[in-house]
Amino acid sequence: MKLLSVIVPCYNEEENVPYFYDEFCKNTAFLKEKDIEFEILYIDDGSQDNTVPEVRALHEKDERVHLVSFSRNFGKEAAMYAGLEKSRGDYVVIMDADLQDPPYLLEEMFRYLDEGYDSVATRRVSRKGEPPVRSFFARCFYRMMRHISKTEIMDGARDYRLMTRQMVNAILEMKEYNRFTKGIYGWVGFQTKWLEFENVERVKGETKWSFWKLLLYSLEGITAFSTVPLSIASVMGVLFCLLAFILIIFIVVRTAIFGDPVSGWPSLVCIISLISGVQLFCMGIIGQYLAKTYMEVKKRPIYLTKEEL
Ligand code: UDP
Ligand code: MG
């Protein structure tokens with residue numbers, strides 16, 4: 001008998017916890033046919049509401065339900081990592097508590113796994129119900145990542161993904177503190193089948209991602225999976241040297257021919273501020289990478305548990 005571990009990161013999802021359980025169980029007939037058992041791991045990411053008691057109640061009722069509760073909010077990435085670490089299944093799937101990852105897709109996902117794929121991932125082809133500004137920036141992010149990163153990062157990819165134990169173990173090998181799972185999946189490789197579906201709006205509660213949080217997360221993605229921004233500094237440096245060289249020749253020649261009436265300090269001020277701006281910008285980029293390195297060398301744990309059932 002094989003085991004499927006379902007990882008559900010939850011942050012203030014008291015309404016969705018029981019609802020998810022019900023909806024998931026409705027879609028498990030095919031698992032029985034395939035002789036696969038399942039366990040549901042709710043990873044409570046330091047919720048302040050009744051998420052933990054709700055999971056406890058489910059655990060009383062059904063011992064296939066497990067809880068890992070964090071000591072505070074560590075973020076969804078940490079929750080997913082904890083889930084992968086605690087999972088025991090031969091297959092592992094990560095699903096959002098808000099049912100934005102439709103459980104009915106699982107059956108199809110398993111079909112591809114049987115065909116020999118190591119993982120089946122999903123991406124949404126529409127972003128219906130999302131603020132337009134957010135969709136716009138998300139598109140820009142993925143387009144940019146395609147150019148500056150060697151690792152493939154799919155536009156609209158969700159964290160909803162079914163994997164074999166082998167792939168889960170590969171992901172667990174990557175113990176970095178600054179986690180960007182969408183890139184990690186690409187990095188570890190393996191055969192991945194992509195399924196597409198229309199965006200589903202969350203059933204209850206509100207999204208936990210503010211625009212600001214998403215922006216910081218995208219920076220995480222860039223610094224974690226590309227070093228191209230670092231070369232921007234060198235490229236700009238070379239360009240400005242060239243420009244300065246041309247200007248020097250121009251000014252020397254002009255002075256030799258027309259003499260040197262002192263003028264032009266406004267242009268000087270403009271040039272100085274431009275170049276110091278560029279320098280600060282480049283230093284900022286380097287600072288970003290340095291900060292990540294700093295956090296990384298501290299080797300802090302990715303999450304801390306308070307309770308486990
Ligand atoms: N989540 C989490 N920790 C966080 C933020 C979110 O575990 O700090 C969980 C959340 O409970 C949900 C999933 O991650 O199950 C996706 O979050 P959400 O639905 O808010 O994001 P969206 O679907 O809007 O991208
Ligand atoms: Mg959601």
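We count ligands from 1, going down the list as the structure has it; atoms in each ligand are counted the same way. We number each residue from 1, following the sequence as shown. These numbers come from the heavy atoms of this one structure, side chains and all, not from hydrogens, waters or symmetry mates.
For ligand 1, the 4.0 Å heavy-atom shell takes in Pro9, Cys10, Tyr11, Glu13, Asp45, Asn73, Gly75, Lys76, Asp96, Ala97, Asp98, Gln100, Arg158, Arg202, Thr207, Lys208, Trp209, Lys213, ordered by chain and residue number.
In this view, Glu196 and Arg123 satisfy the side-chain hydrogen bond (donor to acceptor under 3.5 Å, both in side chains) rule, not counting sequence neighbours. Residues satisfying the ring pair (Phe, Tyr, Trp, His ring centres under 6.0 Å) criterion with Tyr217, sequence neighbours excluded, are Phe180, Trp209.
Annotation: Tyr303 is in aromatic contact with Phe70 [ring centroid separation under 6.0 Å].
Remark: Glu37 does not engage Arg64 in a salt bridge, criterion side-chain N to carboxylate O under 4.0 Å. We find that Glu308 and Lys86 are joined by a salt bridge, their nearest charged nitrogen and carboxylate oxygen being less than 4.0 Å apart. One finds no salt bridge joining Asp44 and Lys306 here, because no Lys/Arg side-chain nitrogen approaches an Asp/Glu carboxylate oxygen to under 4.0 Å.
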Is there a side chain to side chain donor-acceptor pair (under 3.5 Å) between Asn16 and Asp98 once you walk through the steps? CA-CA 6 Å; Asn16 287 324; Asp98 56 7; 5.9 Å; no

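Residue-and-atom listing of protein N/O/S atoms under 2.8 Å from the Mg ion (ligand 2), sorted by chain and number: Asp98 OD2, Gln100 OE1.
Formation of a donor-acceptor pair under 3.5 Å by the Arg179 side chain with backbone atoms of Lys76 is not found in this model.
Checked by atom type, the side-chain pair Thr181/Arg161 shows no donor-acceptor distance below 3.5 Å.
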